[in-house]
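The structure appears below as structure tokens.
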Amino acid sequence: MATKSKKDEAQGAQVQAATAPEQMAPEQPSQVQNQTTSTPEAEAKLESLSVLAARHRVPSWEQAALCRFMGWADGKMLTDDEYTSALSKLAARHLGGGRRK
């Protein structure tokens with residue numbers, strides 16, 4: 001009889017283990033739904049500076065000037081939009097040492 005009760009306890013534990021995920025099942029779709037709801041920031045793909053420079057056909061001297069101007073180090077990861085806005089800031093910067101008007 002002692003062996004039957006151990007088997008029954010083992011089967012009971014298996015049944016409880018099988019029902020535990022079922023109880024959690026209603027919560028999982030809401031968690032999955034929250035994870036799949038994406039924001040524009042999450043969709044933006046980060047890429048290295050060298051990949052972005054090659055895509056935008058930026059010469060090496062201009063890439064070096066851009067990194068210096070923005071204070072970026074090698075290995076910086078950016079989105080395409082951030083990189084293009086930085087390029088436009090570099091092109092619109094004030095040159096020379098005279099007075100600004």
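Keep in mind that the numbers below use all heavy atoms, side chains included, and drop hydrogens, waters and symmetry copies.
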Report summary line: Heavy-atom closest pair (Trp72 atom, Ala86 atom, distance to 0.1 Å) is CH2-CB, 3.4 Å
Query raised in the report: What is the minimum heavy-atom distance between Cys67 and Leu49, and which atoms define it?
Result: SG-CD1, 3.7 Å
Suppose we screen for side-chain hydrogen bond (donor to acceptor under 3.5 Å, both in side chains). Which residues come up paired with [X], at least two apart in sequence or across chains?
| X | result |
| --- | --- |
| Thr84 | none |
| Ser50 | Ser48 |
| Glu62 | none |

Query raised in the report: For Leu66 and Val58, what are the C-alpha separation, side-chain angles and deciding distance, and is it a side chain to side chain contact (heavy atoms under 4.5 Å, CB included)?
Result: CA-CA 10 Å; Leu66 181 64; Val58 176; 5.8 Å; no
Query raised in the report: Roughly how far, to the nearest 0.5 Å, is the OG1 atom of Thr79 from the NZ atom of Lys45?
Result: 12.0 Å
Query raised in the report: Atom CG in Asp74, atom CD in Gln63: separation rounded to 0.5 Å?
Result: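 The CG atom of Asp74 sits 8.5 Å away from the CD atom of Gln63.
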Query - Linked hydrophobic residues, Met77 as query - side chain contacts closer than 4.5 Å - result: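 Listed partners: Leu46.
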Report task. May I have all residue pairs that pass salt bridge (Lys or Arg N to Asp or Glu O under 4.0 Å) and include part of residues 75-84, sequence neighbours excluded? Result ->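 Residue pairs with at least one partner in residues 75-84: Arg55-Asp80.
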Requested in this report: State which residues pass side-chain contact (heavy atoms from CB on, under 4.5 Å) with Lys89; sequence neighbours excluded, sorted by chain then number.
Outcome: Phe69
